[in-house]
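Quick notes on the structure that follows.
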Amino acid sequence: MSNLELALWSFPVLLALIFLRIPIALAMLIVGFGGTWLVTGAPLMMMNQLKTLTYGTFSNYSLSIIPLFLLMGQFAALSGMSAALFRAAASLLGHRRGGVAMSAIGACAGFGAICGSSLATAATMGQVALPELRRYGYDGALATGTLAAGGTLGILIPPSVILVIYAILAEQNIAKLFVAAMIPGILAACGYMIAISVWVRLSPKAAAVRAKESWSERLRALIAVLPVAAIFLLVVGGIYLGIFTPTEGAAVGAAGTGVAALASRQLTLSRLKQAILATAASTAMIFLIILGAGLYNSFLALTQLPQTSAAWVAAQGFSPWIVLTAILVMYLLFGCIMDSLSMVLLTVPIIFPIMIGLDFGMGPDDFGLWFGILVLIVVEVGLITPPVGLNLFIINSMAGDIAIGETYRGALPFVLTDVLRVALLASFPAITLWLVRLIY
Amino acid sequence: MYDVLSRTADLIARSMALIGGAVLILLVIMTCISITGRALVPFGLGPIKGDFEWIEIGIGFAIFAFLPWCQLQRAHAAVDLFKPAFPETMNRVIDLVVDILMAVVAVIIAWRLYLGMLDKQSYAETTFILQFPVWQAFLAGLVGAIAFVIVAVFCVLRSGRTMLGLGRDEDRHVQS
């Protein structure tokens, strides 16, 4: 078997292992290790590499942003900010039709600005907003669908762990990617609110409204969320202005949400331990996947698959837009069964060289940002598409009394707005790039 | 006997994770002090010397220290799509095989890290600014890697017992 054939065969083997419930990190480690063994004829090369590869990966300065952002999100969850954000959003939107659900989306967007993880956003906002949605008589499907979709804003709105990983894999500027993600993130929140608005108009009995609040009440509610705005501006602004590196920015963010958690007096010792343990489990999970992906991708690089496939695609003379569409659709399909992080780690090293070789009428820097945002959105849709959508499961189990089928149904309108948004952003790269060009 | 082992594994994994977390928090504090110092250079202050290197060393240690907890909690990302469709016995066999493979990986990681440490020691390699001996940073990582081996071996025992129907295995999943 030629090296290239080996590389091609490694995909079905990897997928088979993953579908057998082998953890994704383990599957990548096995296939990467075995593949390199077959290519080089001995395990020696991999074994030598492993003397420094593990330590090198775990102590990589750029990657150290990940545990810091995860800790930041855990502290944010303890800071009581989620409740303050929901109150502020509800004071502005609660009196409209579907307003309580819209407030949940608004609060998720706000929380996403200080939390880089979708699941943490869904779990935290779910605790605050789900009881409120039920209290105002929201239909179970709409309530759970709203919160599952709102959770994805945790990662669509910077800071975002997935964007950090993409930036490292595709050698892009993290600060510029965060800026590029802003308008698409706001569009996502608007799209979700429109979906809610249409839903409650089509089935008016789905929800009740809150009493309208006075401007002084609104002002008070808004003042309570100033710390969120301050932390977000400090982190993203500091990184953007070059006052500190992205890793330092994440540390500043963790300090900010940690102080907010202390100030809220919710940070008991046992909660601090829980926050650390949750950070530990997610961090170790992510770094094992990064290690596995590193091994697997070095095997693929050895077989020259990325270059060969990029050259092949370029030589076929396909329309770049058709290739892009095919790849985005592939991500959407894979997202139904795989988690977003593994998907990015597994595919970007192969897909990115192919895509950057195609002519989309923009420079490589612009392309890297624009494609990153598109990938970010399509992999995040995977969190709210059945059968495996983690956000759906989290919110559904939190609600307790709603059939999972109802939650699937509730997520559908939001998935639809996601697909429309991807089409819009893909057709008009300027929407993503405009803000980057404006401030850089 | 099993209960003692179970409690020991939990204690090792939990304390390593908490120590790693404490290091993480210390790095957060150090970074904030360092940034403040850097901003106040005109007033005679300065950043902490080698702050980047402390982050690399500290985070490296923390992540090794987090591995045992992730393993014990079965927090690895996996596709559970077909779990309900597989027969119960098959699922138990898969759990056992996964734990055995994970233990093998843990052993390889720790063993190669140890050899890497010996290499660094013999070259007397140090970090650029702090002149910190790199082998000592490897040694710090090795503590977590060895704890990972111990906990991973315990997990093989745990899923082996579950397969034989001896004990019930709590099926906990922690997500990011």
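Convention: sequence-line order gives letters A, B, ...; per-chain numbering from 1.
The contact between B/I35 and chain A is made entirely by side chain atoms (from C-beta outward), counting heavy-atom distances below 4.5 Å. Contact annotation for A/F75: only side-chain heavy atoms (C-beta onward) come within less than 4.5 Å of a heavy atom of chain B. Proximity to chain B involves both the backbone and the side chain of A/L50, based on heavy atoms less than 4.5 angstrom apart. Both the backbone and the side chain of A/I22 come within less than 4.5 Å of a heavy atom of chain B. Within the 4.5 angstrom heavy-atom criterion, only side-chain atoms of A/L291, from C-beta onward, approach chain B. Looking at A/L63, neither its backbone nor its side chain comes within 4.5 Å of chain B, counting heavy atoms on both sides. Proximity to chain A (any heavy atom under 4.5 Å) is shown, for B/F138, by both the backbone and the side chain. In this structure, the portions of A/I24 lying under 4.5 Å from any heavy atom of chain B include both its backbone and its side chain. In this structure, chain B has heavy atoms under 4.5 Å from both the backbone and the side chain of A/F244.
The aromatic rings of A/Y61 and B/F52 lie parallel to each other, with less than 30° between the two planes, well short of the 60° mark. Ring orientation note: the planes of A/F33 and A/W37 are nearly perpendicular, at an angle over 60° on the 30°/60° scale.
Across A/A25, A/P67, A/G253, the residue that shares the most heavy-atom pairs under 4.5 angstrom with chain B is A/P67.
Ring to ring, B/F148 and B/F64 are not that close: their centroids are 6.0 angstrom or more apart.
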Sequence neighbours excluded and cut-off under 3.5 Å, please list the side-chain donor-acceptor pairs for residues 337-344 of chain A, or say none.
{"from": "A/D339", "atom 1": "OD1", "to": "A/S342", "atom 2": "OG", "distance (Å)": "2.6"}
{"from": "A/D339", "atom 1": "OD2", "to": "A/L341", "atom 2": "N", "distance (Å)": "3.4"}
{"from": "A/D339", "atom 1": "OD2", "to": "A/S342", "atom 2": "N", "distance (Å)": "3.3"}
{"from": "A/D339", "atom 1": "OD2", "to": "A/S342", "atom 2": "OG", "distance (Å)": "3.3"}
{"from": "A/S340", "atom 1": "OG", "to": "A/E380", "atom 2": "OE2", "distance (Å)": "3.3"}

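Between A/I395 and A/A122 the shortest heavy-atom distance is CD1-O, 3.4 Å.
Applying the side-chain hydrogen bond (donor to acceptor under 3.5 Å, both in side chains) rule to pairs touching residues 128-154 of chain B yields B/T126-B/Q131, sequence neighbours excluded.
Stacking of B/R161 on the aromatic ring of B/Y2 is recorded, both the 6.0 Å distance cut-off and the 45° axial limit being met.
For B/R38, the salt bridge (charged side-chain N to carboxylate O under 4.0 Å, His left out) partners two or more places apart in sequence, or in a different chain, are A/E248.
Residues of residues 103-125 of chain B that come within less than 4.5 angstrom of chain A, heavy atom to heavy atom, are B/V105, B/I108, B/I109, B/W111, B/R112, B/L113, B/L115, B/G116, B/D119, B/K120 in numerical order.
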